[in-house]
Amino acid sequence: MYLTKEQERMLSGEEGEVVERMFRLLVRLGDIYGADRMIPIGSAQVAGVSYKSIGDPGLEFLEDIAAKGARVRVPTTLNPPGMDLVDWRELGFPEDFAQKQLRIMEAFRKMGIMMTATCTPYLVGNLPRFREHIAWSESSAVSFANSVIGARTNREGGPSALAAAICGLTPNYGLHLDENRKPSYLIEVKVELKSTADFGALGYHVGKIVRDKIPYFRGIKEADVDQLKALGAAMAASGAVALYHVEGITPEAWMMETGKLEKIEVGEQDIREAYGKLNTGSDPDIVILGCPHASLKEIATLAGRLEGKKLKKPLWICTSRATKDAATRMGLTGTIEAAGGRVVADTCTVVSPIERMGYRTIGVDSGKAANYLPGFCKQQVVFKSLDELVEELAA
Ligand code: F3S
């Protein structure tokens with residue numbers, strides 16, 4: 001791989017031990033995937049933030065490099081940690097877990113990383129532009145950035161995104177190149193998608209079929225940003241889809257040739273079967289919404305449904321701290337809390353120690369959460385639309 005003089009200096013340790021280690025990781029990745037050179041990135045987004053995911057080895061590594069002077073060179077945001085960073089005690093997060101989680105956050109803070117703590121960074125200030133090269137690692141955010149915005153990122157791991165943040169560079173391969181952004185499958189959608197959960201069910205179904213390839217959807221007449229984030233998140237979870245195109249909706253779709261693609265039809269029966277596979281339980285102990293993290297519009301929708309009602313069981317909606325603050329100023333948090341629900345900031349169900357908090361069955365409207373909760377959190381799942389979940393819970 002071609003390296004500039006400055007990059008040679010990074011590799012030889014002239015910019016310190018941490019930069020050398022991080023840059024070496026990027027060079028190794030570039031060599032494996034046949035990159036011709038390094039490219040500058042506009043931003044990074046780092047996953048592997050929850051103590052549940054990275055444990056003591058991850059915590060020690062982060063504290064070590066932070067103490068040795070690791071600093072990011074580009075705007076960098078963080079994925080959700082394993083708890084609400086303010087209300088964790090009141091919400092019942094375990095003390096031992098919380099102390100480790102707070103140390104992780106402090107290590108990231110020392111590196112100059114923005115403390116946004118969300119899987120929807122594009123809603124709260126980390127918004128790349130069309131064709132901008134970035135290094136993001138949260139799979140749903142990678143899918144959104146590539147597909148809905150038309151920015152360019154591979155599906156980075158936590159370490160490679162952090163290395164890219166510290167070096168300001170990423171190897172030029174994969175989805176950074178025009179030729180690798182072409183679809184492999186034409187997905188003919190023959191069913192009307194009525195709710196965000198329907199988009200999650202479609203994503204779950206298609207991700208299982210196309211795995212890490214790029215699908216091109218035809219037949220989706222309308223989709224808002226929340227539905228697109230649900231679709232991409234589910235495909236990234238059931239498969240490893242990092243980019244999709246939707247005819248007439250996503251920005252690169254019009255450039256794509258579809259004539260020779262393998263065709264797959266998705267009908268009502270497929271969506272019904274996806275719901276069937278994702279529903280592993282009944283009668284949830286708690287409903288948790290906001291996977292990916294809820295937008296202000298989704299919080300407003302929930303508040304509208306809960307106005308004047310009382311919930312029979314706990315309900316959380318997870319979001320970023322910035323979105324929660326805006327929701328609170330709008331009176332939405334108050335409406336949700338008056339009904340007995342909570343707007344939980346920073347964290348998400350899957351990366352939180354929910355299985356240690358006494359819950360066994362969770363109601364969700366997210367195809368991604370429904371896919372991961374049984375394995376990651378040993379939970380049974382009730383997967384339904386927001387309206388159905390709220391109707392069952394609210395009197
Ligand atoms: Fe976000 Fe957690 Fe879902 S990171 S996409 S809320 S699994």
Side-chain angles (χ1 to χ4, degrees), residues 1-49 53-79 81 103-117 121 125-129 131-138 141-142 145-146 151-178 180 242:
M1 187 180 0
Y2 168 77
L3 295 181
T4 65
K5 289 245 159 27
E6 191 197 339
Q7 291 163 7
E8 293 283 6
R9 278 201 297 279
M10 290 163 83
L11 197 59
S12 67
E14 282 178 51
E15 297 197 22
E17 179 198 328
V18 176
V19 171
E20 180 193 338
R21 266 167 80 187
M22 295 292 134
F23 193 58
R24 209 166 276 288
L25 171 69
L26 297 179
V27 170
R28 207 171 313 132
L29 264 180
D31 283 341
I32 290 168
Y33 289 105
D36 59 340
R37 65 197 160 97
M38 291 287 169
I39 44 174
I41 52 167
S43 72
Q45 192 267 349
V46 175
V49 178
S53 318
I54 65 173
D56 287 324
L59 166 60
E60 282 155 23
F61 167 75
L62 292 170
E63 286 186 332
D64 178 51
I65 64 168
K68 287 179 174 147
R71 295 293 177 269
V72 297
R73 297 184 187 203
V74 293
T76 302
T77 50
L78 281 184
N79 229 27
R103 280 171 57 191
I104 290 171
M105 299 311 286
E106 178 56 15
F108 281 127
R109 191 194 62 76
K110 280 192 183 143
M111 292 182 219
I113 295 180
M114 298 170 181
M115 297 280 104
T116 46
N126 186 356
L127 179 65
R129 65 162 172 77
R131 294 178 70 89
E132 185 169 35
H133 295 287
I134 57 177
W136 286 19
S137 52
E138 155 54 33
V142 164
N146 273 321
R152 297 183 167 210
T153 177
N154 288 314
R155 219 170 118 120
E156 300 292 345
S160 66
L162 185 58
I166 288 169
C167 300
L169 298 162
T170 197
N172 189 35
Y173 71 93
L175 294 175
H176 293 285
L177 304 170
D178 286 339
N180 296 328

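Values below: all heavy atoms of this structure, side chains included; hydrogens, waters and symmetry mates excluded.
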Q: Assess whether side-chain contact (heavy atoms from CB on, under 4.5 Å) is satisfied between Val19 and Arg73, documenting all intermediate values.
A: CA-CA 11 Å; Val19 171; Arg73 297 184 187 203; 3.7 Å; yes
Q | Full working for side-chain contact (heavy atoms from CB on, under 4.5 Å) between Met38 and Phe23 | A | CA-CA 10 Å; Met38 291 287 169; Phe23 193 58; 4.0 Å; yes
Q. After noting the C-alpha distance and the side-chain angles of Glu156 and Val142, does the key distance pass the side-chain contact (heavy atoms from CB on, under 4.5 Å) rule?
A. CA-CA 8 Å; Glu156 300 292 345; Val142 164; over 6 Å; no
Q: Under the side-chain contact (heavy atoms from CB on, under 4.5 Å) rule, what do Thr153 and Leu175 come out as? Steps first, then yes or no, please.
A: CA-CA 6 Å; Thr153 177; Leu175 294 175; over 6 Å; no
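Side-chain contact check for Val72 versus Val46: every heavy-atom pair is 4.5 Å or farther apart. Taking 4.5 Å as the limit, some side-chain heavy atom of Trp136 sits within range of a side-chain heavy atom of Asn126. For the pair Met10 and Leu3, the minimum side-chain heavy-atom distance is 4.5 Å or more. Looking at heavy atoms from C-beta onward, Val27 lies in side-chain contact with Met1 at the 4.5 angstrom threshold. A 4.5 Å side-chain heavy-atom check between Gln45 and Ser137 finds at least one atom pair inside the cut-off. Contact check for Cys167 versus Leu26: side-chain heavy atoms found under the 4.5 Å cut-off.
Separating the CG atom in Asn146 from the CD1 atom in Ile134 is a distance of 7.0 Å, to the nearest 0.5 Å. One distance of note links CZ of Arg9 with NZ of Lys5; it measures 9.0 Å at 0.5 Å rounding. Here Thr76 contributes atom OG1 and Phe108 contributes atom CZ; the two are 10.5 Å apart, rounded to the nearest 0.5 Å. Rounding to the nearest 0.5 Å places CG of Leu169 at 7.0 Å from CD1 of Ile41. With rounding to the nearest 0.5 angstrom, the CE atom of Met105 is 11.0 Å from the CZ atom of Arg109. Distance check: Leu62 CG to Leu162 CG gives 6.5 Å after rounding to the nearest 0.5 Å.
In plain terms, the two heavy atoms of Leu78 and Ile113 that are nearest each other are CG-CG2, 3.6 Å. Residues Val74 and Ala44 come closest through the heavy atom pair CG2-N, 4.1 Å. Closest of all the heavy-atom pairs between Gly30 and Pro171 is CA-CB, 3.6 Å. Between Ile65 and Val18, the closest heavy-atom pair is O-CG2, 4.0 Å. In this structure, Ile54 and Gly48 approach most closely via the heavy-atom pair CG2-O, 3.4 Å. Closest approach of Leu25 and Pro159 over heavy atoms only: CD2-O, 3.7 Å.
Between Arg152 and Asp178 there is a salt bridge, since a side-chain N of the basic residue sits under 4.0 Å from a carboxylate O of the acidic one.
Residue pairs satisfying the side-chain hydrogen bond (donor to acceptor under 3.5 Å, both in side chains) criterion with at least one member in residues 29-38, sequence neighbours excluded, are listed as follows: Asp36-Asn172.
A donor-acceptor pair is defined here as one N or O able to donate and one able to accept, closer than 3.5 Å; such a pair exists between the side chain of Asn180 and the backbone of Gly174.
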